[in-house]
Student: 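Below: one structure in structure tokens.
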2 protein chains.
Amino acid sequence: MPSSTVENYLKHILLLSEGAQDLVSMGDLAVALAVVPGTATTMIKALAREGYVAHQPRQGVSLTPTGRTVALSVLRKHRLVETFLVNVLKMDWASVHAEAEQLEHSISDEVLDRLDALLGYPATDPHGDPIPSRKGKLNFQVYASLATCALKQPLRIVRITEQTTEFLQFADQNHLLPGSTLIVTGRNLPAGLATIKTTGTRALALSITAAGKILVEPLRR
Amino acid sequence: MPSSTVENYLKHILLLSEGAQDLVSMGDLAVALAVVPGTATTMIKALAREGYVAHQPRQGVSLTPTGRTVALSVLRKHRLVETFLVNVLKMDWASVHAEAEQLEHSISDEVLDRLDALLGYPATDPHGDPIPSRKGKLNFQVYASLATCALKQPLRIVRITEQTTEFLQFADQNHLLPGSTLIVTGRNLPAGLATIKTTGTRALALSITAAGKILVEPLRR
DNA sequence: TAAATTATTTTGACTACTCAAAATAGCGCA
DNA sequence: TGCGCTATTTTGAGTAGTCAAAATAATTTA
């Protein structure tokens with residue numbers, strides 16, 4: 001049984017490789033886990049010995065099938081717990097991430113399955129992040145973000161890819177939740193700004209970086 | 001913030017001193033925690049240094065007010081989680097103890113309060129064990145057990161003071177749950193047996209040891 | 001009262017994880 | 001071709017918790 005430290009390493013490798021690149025650097029991993037780079041290297045060597053990851057020295061690290069299975073299971077627990085905390089316990093959207101971070105390591109598969117049923121087998125968590133299936137399938141879909149989508153098109157928010165309380169609170173206060181609709185009225189790349197308009201006719205400016213964290217799909221598809 | 005190891009030590013000291021004796025021996029504590037006695041001694045010395053316990057060398061250990069507060073909080077989490085697992089997730093009465101043992105260390109006060117409200121502020125868990133209040137009051141009440149109560153009196157089970165899956169399954173199968181009614185028809189102390197009759201008119205023999213773990217109160221009070 | 005039994009404590013060692021700081025490798029660039 | 005920058009790895013050391021086994025204290029028994 002992997003320790004919760006091991007689970008965290010594997011989960012973060014999965015998250016960091018989500019977008020695309022197959023090799024996660026020690027630097028990125030160390031930042032994600034809030035440890036110094038040397039610690040990450042040491043730990044990764046141990047995880048490689050135990051068959052959870054493949055380590056290309058000085059290149060980066062990737063998950064083995066075994067490691068990926070563990071990581072997906074942890075991610076499933078994390079996202080189902082978040083959904084439970086928001087949907088059933090009515091907790092604040094922005095603060096459940098830290099809670100789930102703890103709970104994901106101590107919840108059994110039995111409890112998880114019952115939670116899943118209680119919630120009606122949700123496909124995504126409250127932030128729009130896809131929940132891996134029991135058998136470890138992660139429904140990964142490539143969406144445009146507010147930084148890359150077409151201008152002046154009606155859009156629906158499908159996902160917020162950022163877990164910090166501050167960002168989520170900002171999103172919440174400005175009605176930028178999964179399901180909300182809006183249009184991007186313009187972009188000023190030199191200034192690094194995007195301007196949007198939500199259905200409540202409110203205009204809002206956003207940095208391109210922040211806009212990149214809000215994923216959308218065209219409204220009528 | 002005490003580690004989950006520390007929380008476990010404190011919780012078990014509280015449980016072992018519940019009945020009465022103020023000093024818990026290293027031997028008993030080591031058995032409860034499944035460690036060797038030397039480990040318990042070492043750990044207790046550290047806990048004493050940190051102000052959680054008072055250690056009388058070669059006599060035993062007791063909780064300081066600080067330690068007791070921590071222990072009660074853990075016990076509250078444990079029992080509320082058990083109640084949630086049984087009442088909401090409909091899990092098996094006999095198996096929730098092990099689950100709660102993990103969850104009790106990773107649940108926040110915020111989540112706990114909401115769970116408490118969801119459950120309707122229960123006074124006891126599914127086994128009849130009293131749930132400490134938020135402010136750390138433990139409603140400890142002395143009940144008779146099937147080993148000590150009067151014979152041929154109608155009784156109601158209020159509590160099962162044993163958490164092993166096997167015992168709880170046995171109790172479940174024989175309708176010995178909190179709330180069930182029965183009478184003790186006789187006792188044979190030399191043989192170490194008690195005979196009882198449940199409302200379903202079934203007769204059953206039980207060791208005195210087992211009988212001592214089932215606490216009861218007289219039916220009409 | 002002394003010997004024997006039993007419980008507790010001490011000692012030395014090990015695992016898992018971490019950091020600080022020095023050593024090394026790979027890279028871009030002149 | 002070699003210099004310097006940056007990321008990575010290595011080294012040495014520390015913390016938390018654990019065990020095995022030897023040492024010590026207390027209690028029982030004779």
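Chain letters run A, B, ... following the sequence lines, proteins first, then strands; residues in each count from 1.
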Student: May I ask you to say whether A:Arg76 pairs ionically with A:Asp109, meaning some side-chain N is under 4.0 Å from a carboxylate O?
Tutor: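 Result for this pair is no, no salt bridge flagged.
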Student: For the pair made of CD in B:Gln59 and P in D:dT27, what is the distance, rounded to whole Å?
Tutor: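 It is 7 Å, rounded to the nearest whole Å.
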Student: About how many Å separate OH of A:Tyr121 and CZ of A:Arg134, when rounded to the nearest 0.5 Å?
Tutor: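 Between A:Arg134 CZ and A:Tyr121 OH, I get 9.0 Å after rounding to 0.5 Å.
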Student: What is the separation between atom NE2 on A:His105 and atom P on C:dC17, rounded to the nearest whole Å?
Tutor: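 The answer, rounded to whole Å, is 12 Å.
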Student: How close or far is atom P of D:dA26 from atom CG of B:Leu23, stated in whole angstroms?
Tutor: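 Interatomic distance, CG of B:Leu23 to P of D:dA26: 15 Å.
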Student: So, is B:His55 close to the C:dT9 phosphate, meaning a side-chain N or O under 4.0 Å from OP1 or OP2?
Tutor: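 Answer is yes, contact under 4.0 Å.
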Student: Return the set of residues passing side chain to side chain donor-acceptor pair (under 3.5 Å) with A:Ser108 (not counting sequence neighbours), or none when no residue passes.
Tutor: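 For A:Ser108, the residues satisfying side chain to side chain donor-acceptor pair (under 3.5 Å) (neighbours in sequence not counted) are B:Glu99.
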Student: How close or far is atom C1' of C:dT18 from atom CG of A:Leu33, stated in whole angstroms?
Tutor: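 Value for this atom pair: 12 Å.
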Student: Taking CD from A:Gln56 and C1' from D:dT9, how many angstroms apart are they, rounded to a whole number?
Tutor: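 These atoms are roughly 16 Å apart.
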Student: For the pair made of CD1 in A:Ile44 and P in C:dT18, what is the distance, rounded to whole Å?
Tutor: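 For the pair A:Ile44 CD1 and C:dT18 P, the rounded distance is 11 Å.
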Student: What is the distance, rounded to the nearest whole Å, between atom CE of B:Met26 and atom P of D:dA26?
Tutor: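 To the nearest whole Å, that distance equals 14 Å.
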Student: What string of B, S and - do you get for nucleotides 11-25 of chain D 5' to 3' if you count protein non-hydrogen atoms under 4.0 Å?
Tutor: ------SSBS---BS
Student: Which residue pairs pass the side-chain hydrogen bond (donor to acceptor under 3.5 Å, both in side chains) test when at least one of the two sits in residues 1-10 of chain A, sequence neighbours left out?
Tutor: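 Every pair satisfying side-chain hydrogen bond (donor to acceptor under 3.5 Å, both in side chains) with a residue in residues 1-10 of chain A: A:Glu7-A:His105, A:Asn8-A:His105.
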Student: Is there a side-chain contact between A:Ile160 and A:Trp93 in this structure, where contact means two heavy atoms from C-beta onward sitting under 4.5 Å apart?
Tutor: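 The answer is yes, as the side chains (C-beta and beyond) meet within the 4.5 Å cut-off.
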Student: Given B:His127, which partner from the list B:Thr161, B:Val96, B:Leu177 fulfils the side-chain contact (heavy atoms from CB on, under 4.5 Å) test?
Tutor: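 For B:His127, the side-chain contact (heavy atoms from CB on, under 4.5 Å) test succeeds with only one of B:Thr161, B:Val96, B:Leu177, which is B:Val96.
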